[in-house]
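Here the structure comes first, spelled out in structure tokens, and everything after it is commentary.
Sequence positions, counted from 1, serve as the residue numbers for this chain. Quantities reported herein were computed from a predicted structural model and do not represent experimental measurements.
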Amino acid sequence: MVHTVRCQIGNETLVLETGRMAKQANGSVFATYGGSAIIATACCSDTATEGLDFVPLTVEYNEKYYAAGKIPGGFIKRETRPKDKEILVSRIIDRPMRPLFDKAFGREIQVVPTCVSADNINPPDMIGVVAASAAVHISDIPFAGPIAAVRVAQIDGQYIVNPTFQECAKARLEITVAGTAVGITMVEGGSQEVSEEEMIAAIEAAKDPIARICAAIVELRALAGKEKLPLAPLKVRLNKEAEISAFAQERLSVALFTKVKQERGKAVRAAIAETKAAFADALSDDVQKKLFDALMEDLQYHTLRNSILDKGLRVDGRSLEEIRPITCEIGVLPRTHGSALFTRGETQALATTTLGTIDDEQVLDDIEGDRREHFMLHYNFPPYSVGETGRLGTGRREIGHGHLAWRAIKAMLPPKEKFPYTVRVVSEVLESNGSSSMATVCGSSLALMNAGVPMRKPVAGIAMGLITDEKRFAVLSDILGDEDHLGDMDFKVAGTKDGITAFQMDIKISSVSTEILTKALDQAKRGRMHILGIMEKTLSRPAEDISEFAPKVVSVKVDQEKIGAIIGPGGKNIRGMCEKYGVDINVDEEGTVTIYGTNQKAAYEARDAVLSLVEEPEVGTIYDGTVKRIMEFGAFVEIIPGKEGLVHISRMAKTRVERVTDLLHEGDAVKVKLMEIDHMGRLNLAMLDALDENGQLPPSSRDDRPAGRDRGPSDRGPRDHGPRRFDDRRDSSYRR
């Protein structure tokens with residue numbers, strides 16, 4: 001039986017339907033919003049594993065090209081590995097849902113939202129979050145939801161819920177907000193230096209539509225929901241639990257507050273090993289060992305949290321707002337175009353900047369259409385950064401953290417028209433204990449300025465944490481890895497001295513209040529200002545010049561009607577300039593000509609050559625010309641590629657010239673001044689040697705006969721037969 005619920009969100013109606021598609025899944029929902037549609041399914045394995053200390057959840061959001069009436073590019077012609085966008089949306093779905101699954105369920109869970117229709121008006125990602133939540137909620141999989149998500153954009157001071165693609169492009173602030181009917185659980189987005197108050201207002205604008213969507217999902221469950229499967233908790237208790245707890249607590253209370261990460265890890269492992277050895281007789285089987293491990297985790301969790309709430313004392317002895325020591329270095333690599341080493345406590349990022357040409361742009365092919373990106377930021381998190389072994393590669397975490405840093409930096413980069421380079425930043429995380437994504441933001445900002453990229457302002461980022469109990473809460477600045485793991489919130493804020501450019505919040509509790517969010521944002525602002533102050537002592541503004549190893553790029557705008565003149569017949573002109581000056585030249589359809597050269601001189605010479613092809617001759621201008629042909633009555637001189645004018649023999653010198661060849665030969669370089677353009681568009685030139693100190697022809701050199709006549713030979717006889725009009729000349733070479 002088909003069941004449907006509807007909810008008006010923004011300018012469109014959200015429709016959730018179940019019972020018609022994918023009925024063999026544990027739960028399935030077909031969601032539509034405008035012309036965009038998602039099929040979301042939720043399935044779990046048949047058997048449970050007791051004692052799991054994590055939720056075995058995978059979310060696989062995917063977009064089908066047919067959804068937008070497209071065929072995939074490349075040779076394979078079918079959807080293959082997930083694109084970065086699909087991974088980022090999968091993370092947006094996963095993060096608010098994961099804390100609402102119970103570890104005691106013990107079964108693998110797979111959620112697959114598939115975009116099957118895209119109108120290229122309404123972004124399908126938010127529909128994917130809602131459909132995934134609804135599919136799980138109506139299924140038999142235990143879930144403490146539902147959750148919902150909307151996008152909020154600020155345009156002209158107004159907050160718009162679920163804006164269109166076109167509206168997103170105009171937005172000053174754009175964030176994704178997820179939550180339950182009770183409160184907010186996740187926020188992610190970017191902005192153009194908005195204030196903390198504007199960010200709070202945007203989050204508040206999301207609360208009502210999220211609550212209404214959650215109510216619609218609850219209604220759908222009432223119509224078509226399945227009975228939930230049972231949990232599979234361990235039914236046995238740990239032997240000698242009280243004695244083990246007391247013994248371990250005494251040792252962990254000391255070990256946990258060792259300041260250095262590596263030493264702290266050794267101390268904690270030693271305390272646990274000592275406890276295990278002391279009670280080896282009680283840990284007789286695998287189940288008891290699992291319970292022992294769970295108790296050690298709980299003891300660490302409560303010891304650290306109580307220390308913060310009761311004493312304001314953190315793992316490494318800092319106060320709640322204190323930020324670890326920071327050092328900044330620039331130009332640490334000799335051959336990169338820009339580099340920086342940013343170290344904050346035991347977190348360190350090596351950021352590099354590479355400048356490229358238009359050929360280096362990233363081509364993106366997805367259901368929203370083909371587009372090009374001229375700024376890339378790639379984040380790498382090798383296992384050695386935490387002192388471990390493991391496989392090298394790019395996972396979902398690397399893509400997510402890199403995108404957050406990309407969003408934080410992109411807002412401050414110059415437009416392509418002003419800085420026509422392709423820019424790639426790579427952050428190598430060399431050490432990690434705390435937010436490496438925010439260290440990436442800081443290091444990337446320094447590396448870009450070191451490379452001479454004219455950023456509007458430096459950008460810094462900070463990660464905040466949260467510890468709560470029933471009555472109290474504490475917000476932590478610059479959290480450590482342990483505080484992230486044992487805390488209730490991971491809250492990252494990046495921006496300039498004038499506002500926020502990127503924002504991401506994940507929580508592990510049911511929701512956070514506006515009071516907590518406000519305090520966290522205020523505290524994050526103070527931390528960001530502190531970090532920016534240290535960064536600016538190292539490098540306060542971009543380098544004046546780009547690296548000698550970087551390509552030199554020159555850009556110029558020309559009339560679109562002149563593009564053909566630059567390219568030439570069969571590309572002759574543009575190929576010739578590329579070969580002559582050793583450059584690459586790109587002309588786009590809007591008339592932007594971009595020249596890439598190995599050195600600045602060649603790039604500027606090529607630019608001048610391009611301009612000369614589209615330049616219109618101007619009377620009174622002095623040109624560096626080239627003699628193309630010698631005639632009895634004068635010489636034809638090319639002043640602009642493809643444009644020639646006549647220097648009459650009477651305008652070559654102040655004194656009488658008997659023969660043109662006495663002064664000029666074909667191929668000679670000569671400075672000439674354009675004296676006039678006659679009514680037929682012909683160019684009349686004079687050599688500088690024929691002009692007086694005012695740049696004019698002396699009376700003796702002027703043609704005082706009627707306009708349109710010259711002193712050249714007649715086609716009817718010898719030269720002394722008299723003058724003839726320019727209009728009567730049959731030498732077609734002069735008709736230019």
Side-chain angles (χ1 to χ4, degrees), residues 44-57 98-99 101-109 142 144 229-311 313-317 346 383 386-391 432-433 467-470 480-488 508-509:
C44 67
S45 59
D46 293 332
T47 57
T49 302
E50 291 185 338
L52 282 182
D53 60 353
F54 66 98
V55 175
L57 168 69
R98 184 175 291 274
F101 291 99
D102 197 318
K103 295 176 185 177
F105 184 53
R107 304 193 195 194
E108 290 188 14
I109 304 167
L229 293 167
L231 301 178
L234 287 172
K235 296 181 175 63
V236 297
R237 295 184 63 85
L238 177 63
N239 297 329
K240 298 183 180 180
E241 181 176 347
E243 294 94 323
I244 293 173
S245 180
F247 186 92
Q249 180 68 56
E250 181 180 350
R251 287 151 182 79
L252 287 173
S253 296
V254 176
L256 283 169
F257 295 93
T258 306
K259 289 188 176 182
V260 179
K261 177 185 176 181
Q262 298 295 338
E263 295 177 4
R264 181 166 60 252
K266 290 179 182 178
V268 170
R269 289 192 295 271
I272 294 173
E274 183 181 353
T275 304
K276 183 179 285 189
F279 294 91
D281 58 330
L283 308 177
S284 55
D285 55 39
D286 290 341
V287 173
Q288 287 296 314
K289 290 176 182 177
K290 280 187 176 181
L291 291 171
F292 174 84
D293 291 340
L295 176 61
M296 294 301 104
E297 184 75 17
D298 285 343
L299 288 174
Q300 294 178 63
Y301 178 85
H302 291 294
T303 299
L304 293 176
R305 292 170 65 90
N306 290 337
S307 173
I308 290 169
L309 291 172
D310 295 337
K311 307 173 188 176
L313 180 64
R314 300 167 66 176
V315 173
D316 56 357
E346 295 167 305
V386 288
E388 297 176 357
T389 60
R391 294 180 62 184
S432 180
N433 182 21
I467 305 294
T468 63
D469 63 13
E470 294 179 356
L480 299 173
D482 289 337
E483 292 168 338
D484 182 11
H485 176 63
L486 302 174
D488 298 323
K508 303 171 189 176
I509 53 180

Inset, instruction - Check for a donor-acceptor pair, side chain of D484 on one end and backbone N or O of L480 on the other, with a separation under 3.5 Å. - result: no

Inset, instruction - With the side chain counted from C-beta on, respond yes when L291 and R237 share a heavy-atom pair under 4.5 Å apart, and no when they do not. - result: no

Legend entry - Heavy-atom neighbours of Q249 CD exceed 12 at 6.0 Å: yes

Legend entry - P230 vs F105 side-chain heavy atoms within contact, under 4.5 Å: no

Inset, instruction - Carefully, step by step, assess R305 and D488 under the rule salt bridge (charged side-chain N to carboxylate O under 4.0 Å, His left out). - result: CA-CA 10 Å; R305 292 170 65 90; D488 298 323; 2.9 Å; yes

Legend entry - Check: S253 side chain, E250 main-chain N or O, donor-acceptor pair, under 3.5 Å: no

Inset, instruction - Measure the CD-OG1 distance between E470 and T468 for me, rounded to the nearest 0.5 Å. - result: 10.0 Å

Legend entry - Working for side-chain contact (heavy atoms from CB on, under 4.5 Å), residues K311 and N306: CA-CA 8 Å; K311 307 173 188 176; N306 290 337; over 6 Å; no

Legend entry - Under 3.5 Å donor-acceptor, E346 side chain and K261 backbone: yes

Inset, instruction - Using a 4.5 Å cut-off on heavy atoms from C-beta on, say whether the side chain of R107 contacts that of T47. - result: no

Inset, instruction - Could you check if a side-chain atom of I272 sits within less than 4.5 angstrom of a side-chain atom of Q300, using non-hydrogen atoms only? - result: yes

Inset, instruction - Check the pair D281, K240 against salt bridge (charged side-chain N to carboxylate O under 4.0 Å, His left out), reporting the backbone distance first and the verdict last. - result: CA-CA 10 Å; D281 58 330; K240 298 183 180 180; 3.2 Å; yes

Inset, instruction - Measure across K508 and G487 and return the closest heavy-atom pair with its distance rounded to 0.1 Å. - result: CD-O, 3.2 Å

Legend entry - Donor-acceptor contact below 3.5 Å, side chain K276 vs main chain F292: no

Inset, instruction - Spell out, as yes or no, whether a donor-acceptor pair under 3.5 Å connects the side chain of T275 to the backbone of A271. - result: yes

Inset, instruction - Check whether any side-chain heavy atom of D53 sits under 4.5 Å from a side-chain heavy atom of D293, and report yes or no. - result: no

Legend entry - Value rounded to 0.5 Å, distance of CG in L295 from CG in L238: 6.0 Å

Inset, instruction - Return yes when atom NZ of K103 has more than 12 non-hydrogen atoms of other residues, nucleotides or ligands closer than 6.0 Å, and no otherwise. - result: no

Legend entry - Single hit among T258, D482, L252, V254 for side-chain contact (heavy atoms from CB on, under 4.5 Å) with V268: L252

Inset, instruction - For residues Q288 and N239, determine if any side-chain heavy atom of one lies less than 4.5 Å from a side-chain heavy atom of the other. - result: yes

Inset, instruction - Apply side-chain hydrogen bond (donor to acceptor under 3.5 Å, both in side chains) to the pair H485 and E297, showing each step before the final yes or no. - result: CA-CA 11 Å; H485 176 63; E297 184 75 17; 2.7 Å; yes

Inset, instruction - Mind checking ring pair (Phe, Tyr, Trp, His ring centres under 6.0 Å) for F101 and listing every partner two or more places apart, or none if nothing turns up? - result: F143

Inset, instruction - Taking the side chain as every heavy atom from C-beta outward, state whether N433 and R264 have any atom pair closer than 4.5 Å. - result: yes

Legend entry - Residue pair L313 / I308, side-chain heavy-atom distance below 4.5 Å: no

Legend entry - Where at least one partner belongs to residues 236-285, residue pairs that pass ring pair (Phe, Tyr, Trp, His ring centres under 6.0 Å), sequence neighbours excluded: F247-F279

Legend entry - Main-chain N/O of E241 paired to S245 side chain as donor or acceptor, under 3.5 Å: no

Inset, instruction - Rounded to the nearest 0.5 Å, what's the gap from OG1 on T49 to CD on E108? Could you check? - result: 7.5 Å

Legend entry - Shortest non-hydrogen separation from L229 to C44 and the atoms involved: CD1-SG, 3.9 Å

